[in-house]
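Before any comments, here is the structure.
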There are 2 protein chains.
Amino acid sequence: MLNEKNFVVSHECSDCPIRHRAVCARCESDELTRLEEIKYYRKFEAGSHVIWSGDRMDFVGSVVSGIATLTQTMEDGRTQMVGLLLPSDFVGRPGREGAAYDVVATTDLTMCCFRKKPFEEMMQRTPHIAHRLLEMTLDELDAAREWMLVLGRKTAREKIASLLSIIARRDASIHPGKVDGPLVFDLPLTREAMADYLGLTLETVSRQISALKRDGVIELEGKRHVTVPNMGRLMEEAGDDSDGGMLV
Amino acid sequence: MLNEKNFVVSHECSDCPIRHRAVCARCESDELTRLEEIKYYRKFEAGSHVIWSGDRMDFVGSVVSGIATLTQTMEDGRTQMVGLLLPSDFVGRPGREGAAYDVVATTDLTMCCFRKKPFEEMMQRTPHIAHRLLEMTLDELDAAREWMLVLGRKTAREKIASLLSIIARRDASIHPGKVDGPLVFDLPLTREAMADYLGLTLETVSRQISALKRDGVIELEGKRHVTVPNMGRLMEEAGDDSDGGMLV
DNA sequence: TGGAAACCTTGATGCAGATCAATTTGAAGG
DNA sequence: CCTTCAAATTGATCTGCATCAAGGTTTCCA
């Protein structure tokens, strides 16, 4: 299971986002080397579980490519997505034994992982890694709380617009350049997964997407390919105050 | 405004929860002394703002007594509570300039504060403080995500039961002893504040509380004084899987 | 090339919770 | 003790989303 250790990349590494987002913002190169020693890659098929809620979780890591979701489920089967993991997002709970949620790959997924024990030891030795993790956890907390407003107070149409707006902005930040003009992207989620994120049913999601399309807020080609001709308009529909912060 | 600095207490201090919950789990006494030097107390009247969303926030701290809430508001006035601060809870975002939410005292409130700058410097010098903060932030993240399930997927009755169950458990952990038997506490929130937490209207909150009372799940004396004769029953009503974790 | 399975759309109907509207309760202050 | 005002309750009605149901599309594999 835990194989592919000692994967070596150059220190200018660009294939592993954890270097930039999670850990190595200000790393010295010998720290990088130590990280390389405990680093390995894992691949998951679309639909498979990365980890089950409650299971022992012996790694931390970040998404290299693909999409994963964090979900909670009640005994009777009602489920709520509590997080969306896009490339460069971090997963893991340093200092915690078990996983708190199901982590599911919704597309084929590659993750860059570090075994938890040595990662935690490295955290002890290099304080700025702990700071970077605190930073990231605060970001996630902000995103979760922003999402509480969406779940608690927004209408179905606003919820859909909020989700599209998040995905559009995330996508735009991954493929930079082309600052203005229409945004184009593919929805990485099924209607059902969107419903689980938004606290709706898949039928309502479908209807509201059709409505936004009918009203010219978005254009759809097939079921997944979206064009947003006017991002400002979409954000108005989401009920966001003007340019708002990054979610998720 | 920022006065009462250099408040001095003995190192066996029991009046300031930050010592135990936030910072000083494993402090050496000279670190405690340094903390004493930047520590001060602030009092707020019921209904007043501790901080406004977006304002510069130059302190961190923890609740000594009273209740505060974290809320977000949309332009049209819809509001969603995103956190509930009970005694011993920590507020503050080390490394962040501004406040992300309104923090409002819902009862008279006393906070134990540390000026942010020196607090952050102390964090640099004493790694276990950073670890403790990461720990606490992960707890808050869990609570926020647990609450996303409540907001997105639970019925009004389940939402009320969930909130009562959180408050009951928090209250029980503050006043320990009396392990079993009925739990008794006072609701620290108005019906409207509960509605803002639960994504409901105050009328629905009132109706569902009446219903839980009618069905014998809780007993009410006046509008605020609650007795829970059977905690297990309340948690069933909340839809929680058996004994579940601590929220908030 | 055809058939199955997964995914999506659209329609009809029902209901939980919102909204609108009176009262009632209870605490604070004169 | 009476007045006042915020907080809470309760009722009547409305509506947005869920639910139930019936196709339609796309993908993939035989």
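Naming: A, B, ... by sequence-line order, numbering from 1 per chain.
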Pairs of donor and acceptor atoms involving the side chains of residues 202-218 of chain B, under 3.5 Å and at least two apart or interchain, shall be tabulated with distances.
residue : atom : partner : partner atom : Å
B:T204  : OG1  : B:T201  : OG1          : 3.1
B:S210  : OG   : B:S206  : O            : 3.0
B:D215  : OD2  : B:R157  : NH2          : 2.2

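Atoms CG (A:L202) and P (C:dA6) sit 15 Å apart, rounded to a whole Å. Rounded to an integer number of Å, the gap from CD1 of A:I160 to P of C:dC8 is 12 Å. A:L200 has its CG atom 14 Å from the P atom of C:dT9, to the nearest Å. Regarding A:E192, its CD atom lies at a distance of 13 Å from the P atom of C:dT9, rounded to whole Å. At whole-Å resolution of the value, CZ in B:R153 and P in C:dG17 are 14 Å apart. Separating the NE2 atom of A:H225 from the C1' atom of C:dC8 is a distance of 18 Å, rounded to the nearest angstrom. One interatomic measurement links the two molecules: CG of A:L220 to P of C:dC8, which rounds to 11 Å at whole-angstrom precision. Taking atom CG on B:L198 and atom C1' on C:dA18, their separation rounds to 15 Å, with Å as the unit.
A:G47 comes within 4.0 angstrom of no nucleic acid atom, judged by non-hydrogen atoms across all strands. Residue contacts shown for B:T190 are limited to sugar-phosphate atoms, with no base heavy atom under 4.0 Å away.
Not one N or O on the side chain of B:R145 forms a donor-acceptor pair closer than 3.5 Å with the backbone of B:E140. Looking at A:D76, its side chain does come within 3.5 Å of a backbone N or O of A:R78 through a donor-acceptor pair. Put simply, the side chain of B:D142 never gets that close to the backbone of B:D139: no donor and acceptor are under 3.5 Å apart. Proximity of a side-chain donor or acceptor of B:W147 to a complementary backbone N or O of A:A144 within less than 3.5 Å is not detected. No donor-acceptor pair under 3.5 Å is formed between the side chain of A:K43 and the backbone N or O of A:D108. No donor-acceptor distance shorter than 3.5 angstrom exists from the side chain of B:D102 to the backbone of B:W52, with no hydrogens or angles considered. Using modelled atom types, no side-chain atom of B:R170 and backbone atom of B:S165 make a donor-acceptor pair closer than 3.5 Å. At least one donor-acceptor pair under 3.5 Å links the side chain of B:Q80 to the backbone N or O of B:D196.
For the helix from C:dT1-D:dA30 to C:dG30-D:dC1, the rotation axes defined at the first and last 5 base pairs enclose an angle of 40°, given to the nearest 10°.
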Shorter than 3.5 Å, N or O on both sides, protein versus nucleotides 25-29 of chain C: list them out with atom names.
none

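Between B:R157 and the phosphate of C:dA16, there is no side-chain N or O to OP1/OP2 separation shorter than 4.0 Å.
Interatomic distance, CG of B:D171 versus CG of B:L86, reported as 9.0 Å (0.5 Å rounding). Separating the CZ atom in B:F90 from the CE atom in B:M111 is a distance of 8.5 Å, to the nearest 0.5 Å. Expressed to the nearest 0.5 Å, how far CG of B:L149 lies from CE of A:M74 amounts to 6.0 Å.
Residue pairs meeting the salt bridge (Lys or Arg N to Asp or Glu O under 4.0 Å) criterion with at least one partner in residues 217-229 of chain B, sequence neighbours excluded, are absent.
In summary, of the residues considered (B:T69, B:I67, B:V63), a side chain to side chain contact (heavy atoms under 4.5 Å, CB included) with B:L85 occurs for B:V63 alone.
Residues of residues 203-218 of chain A that place a heavy atom closer than 4.0 Å to DNA chain C, in numerical order, are A:E203, A:S206, A:R207, A:S210.
Here chain B contacts DNA chain D (any atom closer than 4.0 Å to a heavy atom, that is under 4.0 Å), and the contacts span D:dA8 to D:dA12 from 5' to 3'.
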